[in-house]
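Report on the structure given below.
Whatever order the structure lists them in is the order used to number ligands and atoms, beginning at 1.
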Amino acid sequence: LANTFQGDGEPLIASLALSGIAFATSFAMIRWLGPTLMKAGLKGVDMSKTNRREIPECVGGVVAVVYLLVIIVFIPFPFYKDIVAATSGGGNRDVVVVEVLEQVERGRLLHKFPHSKLASYLSAIISLQSITLLGIGDDLFDIRWRHKFFIPAFASIPLLVVYFVDFGVTSIVVPIPLQPYLGELVNVGALYYVYMASVAIFSPNSINILAGINGIEVSQSIVIALLLAINDCLYLLTPYPHPATDSHLFSLYFLLPFLGVSLALLWHNWYPARVFVGDTYCYFAGMVFVVVSILGHFSKTLILLLIPQIFNFCYSVPQLFGLVPCPRHRLPRFNARTGLLEPSVTPWTKTRQPKAPIAWGLKVLGTLRLLRVTLDEEGRFFETTNFTILNLWLVWRGPLRENRLALEITVMQTVVGFFGLFVRHGLAQLIFKE
Ligand code: UD1
Ligand code: MG
């Protein structure tokens with residue numbers, strides 16, 4: 001890192017300092033604005049408690065706004081040197097010719113100003129602002145699932161436009177075993193934009209559906225952000241200037257304040273939660289990852305870090321696409337007698353039974369211990385557990401306390417994430433020439 005500090009280190013220190021401020025400000029704002037949010041009707045019932053209290057919801061909107069302000073204040077820092085270079089004039093030499101020469105010189109320097117880097121920053125901010133706006137809209141009006149699914153696609157347009165103008169790289173590296181047939185690079189053209197838009201839709205939504213127990217939305221986001229930051233530091237440790245240094249510094253500038261606001265939120269959202277994060281936070285967190293990984297050119301690394309979310313999404317498909325009924329809430333069921341969480345279930349009745357192929361699939365999943373299937377005396381479906389990773393974990397581990405479940409899932413995610421990073425940096429060399 002020492003080299004990075006010599007090269008471009010000051011903005012990183014400013015970013016660290018601003019992240020501290022972001023933490024402190026979010027912490028205070030969450031406390032101050034909690035009652036205000038409740039008064040405005042932004043509240044939710046904590047369903048996994050004996051006394052089902054209402055607590056403020058949409059606190060993610062508060063921290064997202066703090067984050068955006070901090071990121072906006074930060075804009076001048078990475079450009080400080082360029083701005084100084086472009087605007088520094090002479091002292092008190094008031095000869096006209098000198099002034100003209102200086103203006104020419106200044107014009108040349110302005111010409112060298114990294115406009116494309118600034119465009120990346122600004123497009124990232126526009127994307128994050130759009131997703132926050134749409135997220136708050138969702139928390140206020142409870143948009144239907146099939147409508148809100150595409151919200152992030154709109155927010156990703158500014159990113160994709162900047163990607164198109166500035167980089168426009170749409171080729172992918174072919175794994176060594178396939179290179180004799182396909183060549184070293186394959187240009188996938190417009191499909192690459194479809195792929196990036198899909199990542200943008202997937203990341204926020206996948207965080208929103210791995211939810212429903214205190215702390216889990218924030219803790220999974222913190223784990224992903226930390227792993228992305230570690231991945232950035234691995235690049236920054238290489239001798240400066242590495243071609244990827246700039247994009248990984250860019251990524252850190254966006255991740256550090258995110259960690260700041262998220263830690264303040266986790267403090268209040270961890271079991272027993274005093275606030276709920278709302279859909280705003282899930283969308284916003286997912287979009288932060290999309291922004292850094294698309295503009296930093298490492299969207300494949302992001303995918304490796306989203307393995308638990310990808311599993312949860314694929315596992316959820318039968319309910320998301322209506323093959324199995326999907327209740328409004330699929331969060332684990334709180335057993336008030338034991339104080340423990342149990343898998344929540346979809347009930348089946350005599351008249352409402354799954355169609356033959358679905359019934360077969362459910363039984364196979366049951367045999368594989370990927371679902372708990374309960375049949376009645378006549379062999380008809382009585383209930384099946386809901387298709388989320390949280391319920392599946394409870395099927396495997398038995399009833400757990402809410403904080404225990406959140407902790408175990410977070411640890412599992414950290415382990416899987418480190419494995420993802422290992423694949424990226426260790427195995428990738430074997431299949432792709434670096
Ligand atoms: C998503 C999930 C839904 C899950 C919900 C929980 C899908 C398709 N949707 O819906 O199954 O039940 O998240 O967040 O998978 N809540 C708690 N404890 C918590 C967090 C939330 O009781 O720790 C409850 C509160 O009543 C809160 C509500 O969940 O008000 C928030 O749900 P919301 O974020 O609106 O649900 P969705 O994101 O639509
Ligand atoms: Mg939600």
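Shortest non-hydrogen contact noted between Leu160 and Met196 is CD2-CB, 3.7 Å. The nearest pair of heavy atoms linking Val290 to Pro204 is CG2-CD, 4.5 Å.
Judged purely by atom type and a 3.5 angstrom limit, Asn312 uses its side chain to pair as donor or acceptor with the backbone of Ile209. Judged purely by atom type and a 3.5 angstrom limit, Tyr163 uses its side chain to pair as donor or acceptor with the backbone of Val169.
Contact between Leu320 and ligand 1 is present, with at least one heavy atom of the residue lying under 4.0 Å from the ligand.
Using bins of under 30°, 30° to 60° and over 60° for the plane-to-plane angle, the ring pair Phe77/Phe74 lands in the parallel bin. In this pair, Tyr121 and Phe254 present their aromatic rings tilted. The plane angle is within the 30 to 60° band.
Tested against Asn386 for a side-chain contact (heavy atoms from CB on, under 4.5 Å), the candidates Val324, Thr346, Leu331 yield a single pass: Thr346.
Checked for salt-bridge contact, Glu402 and Lys49 meet the test: a charged N lies under 4.0 Å from a carboxylate O.
The nearest non-hydrogen atom to atom 35 (O) of ligand 1, considering only Arg144, Glu57, Arg328, Glu217, comes from Arg328. When the options Gly212, Cys326, Gly278 are ranked by their closest heavy atom to atom 18 (N) of ligand 1, first place goes to Gly212. Between the choices His329, Lys148, Arg52, the shortest heavy-atom distance to atom 39 (O) of ligand 1 belongs to Lys148.
Both the sub-6.0 Å distance and the 45° axial angle are satisfied by Lys117 relative to the ring of Phe79.
When hydrogens are left out, the protein atom nearest atom 26 (O) of ligand 1 is Val45 O, 2.6 Å; that is the closest non-hydrogen contact. Atom 7 (C) of ligand 1 has its closest protein heavy atom at Ile209 CG2, 3.5 Å. In this structure, the protein non-hydrogen atom closest to atom 22 (O) of ligand 1 is Met47 N, 3.0 Å. Of all protein heavy atoms, the one closest to atom 16 (N) of ligand 1 is Phe276 CZ, 3.8 Å. Arg330 N, 2.9 Å is the protein heavy atom nearest to atom 11 (O) of ligand 1.
Heavy atoms from other residues, nucleotides or ligands lying under 6.0 Å from CZ of Arg380 number more than 12. Remark: Arg31 CZ is packed, more than 12 non-hydrogen atoms of other residues, nucleotides or ligands lying under 6.0 Å away.
Atoms of ligand 1 found under 4.0 Å from any heavy atom of Gly44 (numbered from 1 in listed order, with element): 30 (O). Close approach to Asp46 involves these atoms of ligand 1, each under 4.0 Å from a residue heavy atom: 18 (N), 22 (O). Atom numbering of ligand 1 starts at 1 in the shown order; those under 4.0 Å from a heavy atom of Asn214 are 18 (N), 19 (C), 23 (O). Applying the 4.0 Å criterion to heavy atoms of Asn208 picks out, from ligand 1, the atoms 1 (C), 13 (O), 38 (O).
Asp279 lies close to the Mg ion (ligand 2), since one of its N, O or S atoms is found at a distance under 2.8 Å.
Looking at Asp279 against ligand 1, only its side chain comes within 4.0 Å, counting heavy atoms. If you look at Asn386 next to ligand 1, there are no close heavy atoms at all, none under 4.0 Å.
Residue-to-ligand polar distances keep Gly215 apart from ligand 1: every N/O pair is separated by 3.5 Å or more.
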